[in-house]
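Structure, as C-alpha cells:
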Amino acid sequence: MREQQGLTLTRRHLLKGVVGGAAGLVLGASQRASAAAAQAVSASTVLGNSAVQRLTDDLFVLQLPGEANVIAHTTAAGVVLIDGGTAKASDALMKTIGELPGGGQVQTLFNTHWHPEQTGLNEALGKAGRTIIAHENTRLWLSTDITWSWNGQQFKRLPKVAQPNKTFYTTGQLDSGIRYGYIPDAAHTDGDMYVYFPTQNVLVVGDAISNQGWPVVDWQTGGWIGGIAGATQRLQTLANDQTRIVPGRGPVMSLADLKVQATMYATIYDRLTTLLNKGRGPSEAVAAKPTKEFDAQMGNPDEFVRRSFESLWAYLSPDA
C-alpha cells in the first residue's frame, strides 16, 4: 500500500528461534517491564550485550556491538522501531527490546533505507502482519538483486513478505503524531528517510548522517557526496537547538554538531568537484587529500574519498 502526501521537500536469513509465528514477536508483555527493569534503564545502561540510551521515558537508542543504531518507542499500542538491525542480531535485539520498560509487541518498523543493517527484522515482522514503512525507492531496491561495483558484494532481494508494505513519496504521519519524510538529496541511498518525534523533539535520520567515522557512499543505489552535503543542510530545517538527532551510527547529536558536519561535507564536495572539473580520477582524488584537516577526528579517508569521487561520476556523468 502506498501513501502519497502533498509535495514537500522534494538480510537476510533470520536466525532460527527468533520468532515462531506471531507469538514469537512478543517482545515482552508489560509485566516484564518490572520496576527493576525500569530503574535499570536510565540515561545510559547495558542490557545483555546492548548499550541502551534512554532519551525519554518511552524512547530509547539501542546500540548492539557492530550494529547500526536502532530506536525503540514504547507505547500502550506496542513498539515502534526505526531500523531493525541485521538478521544475525535479531535475537539479541528482540531480547533487548523485551527488557525495556513498557516493551510489548513490535507493531511498526521503519526502514530508513534498504541496507541489511536496517532490514534484519523485515521477514519476521512481515510474516506476522506488522506494518513496515519505507520510501518507495527502498521497497524497489529490496525487490531486486544488487551488486556493488567496487567490491562485488551481492545482496539478494527480499521475499515479498519481507518488503515494506506501506510506502510513501514525500511525507507521512502515524496516528500517534510521529512524522516521517523523504530526504531527497540522496545522501546514503536514494531512499533515505527521517522520522521525527515531535513530543520528544527527537529526529532520527538513519545513515544519511554518520557520527562514527566516514559514511558509506552507496552510489550504486543513488547516494552521492553532493547528497551528503545537501542532507546535512536540509535536516537543519527540521531541528532546533533543543532537538536531539540520532544518526545511523555513533552518538546522539545536536543541531550544532550537524552544522559542523554540514560545513565539513560542503568543503569536501567543493574540493572533489574541483578535481573532477580538472579531469582527475579517483586515485588522484585520494592522493590530493581533500579531507586532510578532518582525518584526525574521522579516521582514514581513502575509501570514503574514492567512493565519493566515483559518486560524482555516477551522479553527474552517468553515461560516462
Side-chain angles (χ1 to χ4, degrees), residues 14-15 17-38 40-42 45-64 67-87 89-112 117-134 161-162 164-166 172-180 193-200 202-204 206 244 246 248 252:
L14 195 64
L15 291 180
V18 174
V19 293
L25 289 165
V26 178
L27 303 181
S30 57
Q31 60 266 30
R32 294 180 60 186
S34 61
V41 185
S42 56
T45 191
V46 175
L47 294 177
N49 65 344
S50 307
V52 177
Q53 182 178 0
R54 186 175 194 161
L55 299 179
T56 65
D57 287 345
D58 59 0
L59 195 59
F60 306 87
V61 181
L62 315 181
Q63 297 172 315
L64 281 69
E67 294 281 322
N69 289 333
V70 173
I71 293 77
H73 181 224
T74 58
T75 76
V79 176
V80 176
L81 283 186
I82 296 92
D83 289 330
T86 60
S90 296
D91 214 0
L93 178 59
M94 300 287 266
K95 183 176 185 298
T96 299
I97 297 171
E99 294 172 351
L100 295 174
Q105 291 188 349
V106 174
Q107 297 295 336
T108 302
L109 170 67
F110 287 96
N111 294 155
T112 59
E117 294 85 355
Q118 281 65 44
T119 57
L121 282 179
N122 278 35
E123 188 164 355
L125 293 174
K127 287 179 177 178
R130 307 303 192 226
T131 301
I132 304 174
I133 303 175
V161 71
N165 49 43
K166 181 177 182 180
Q173 183 170 317
L174 300 184
D175 291 341
S176 62
I178 297 170
R179 304 200 295 264
Y180 53 93
M193 67 172 292
Y194 67 83
V195 180
Y196 179 63
F197 296 84
T199 301
Q200 299 88 345
V202 171
L203 178 64
V204 183
R244 285 170 291 182
V246 185
V252 174

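What you see below is based on every heavy atom in this structure, not just the backbone, and it leaves out hydrogens, waters and symmetry mates.
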Minimum heavy-atom separation for [X] to [Y], with atom names?
| X | Y | result |
| --- | --- | --- |
| I178 | P198 | CA-CD, 4.3 Å |
| L62 | A72 | CD1-CB, 4.2 Å |
| Q107 | A77 | CG-O, 3.1 Å |
| L121 | G84 | CG-O, 3.6 Å |

D83 side chain to V70 main-chain N or O, any donor-acceptor pair under 3.5 Å?
->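 It does not hold such a pair.
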Is a side-chain donor or acceptor of N165 paired with a backbone partner of G129 at a separation under 3.5 angstrom?
-> no
Does a side-chain heavy-atom distance below 4.5 Å link [X] with [Y]?
| X | Y | answer |
| --- | --- | --- |
| T86 | E67 | yes |
| T75 | D58 | no |
| R244 | L55 | yes |
| V204 | Y180 | no |
| V195 | V80 | no |

Distance in Å, K166 NZ paired with T131 OG1, rounded so as to fall on 0.5 Å steps = 6.5 Å
Worked verdict on I71 versus L59 for side-chain contact (heavy atoms from CB on, under 4.5 Å) | CA-CA 7 Å; I71 293 77; L59 195 59; 3.8 Å; yes
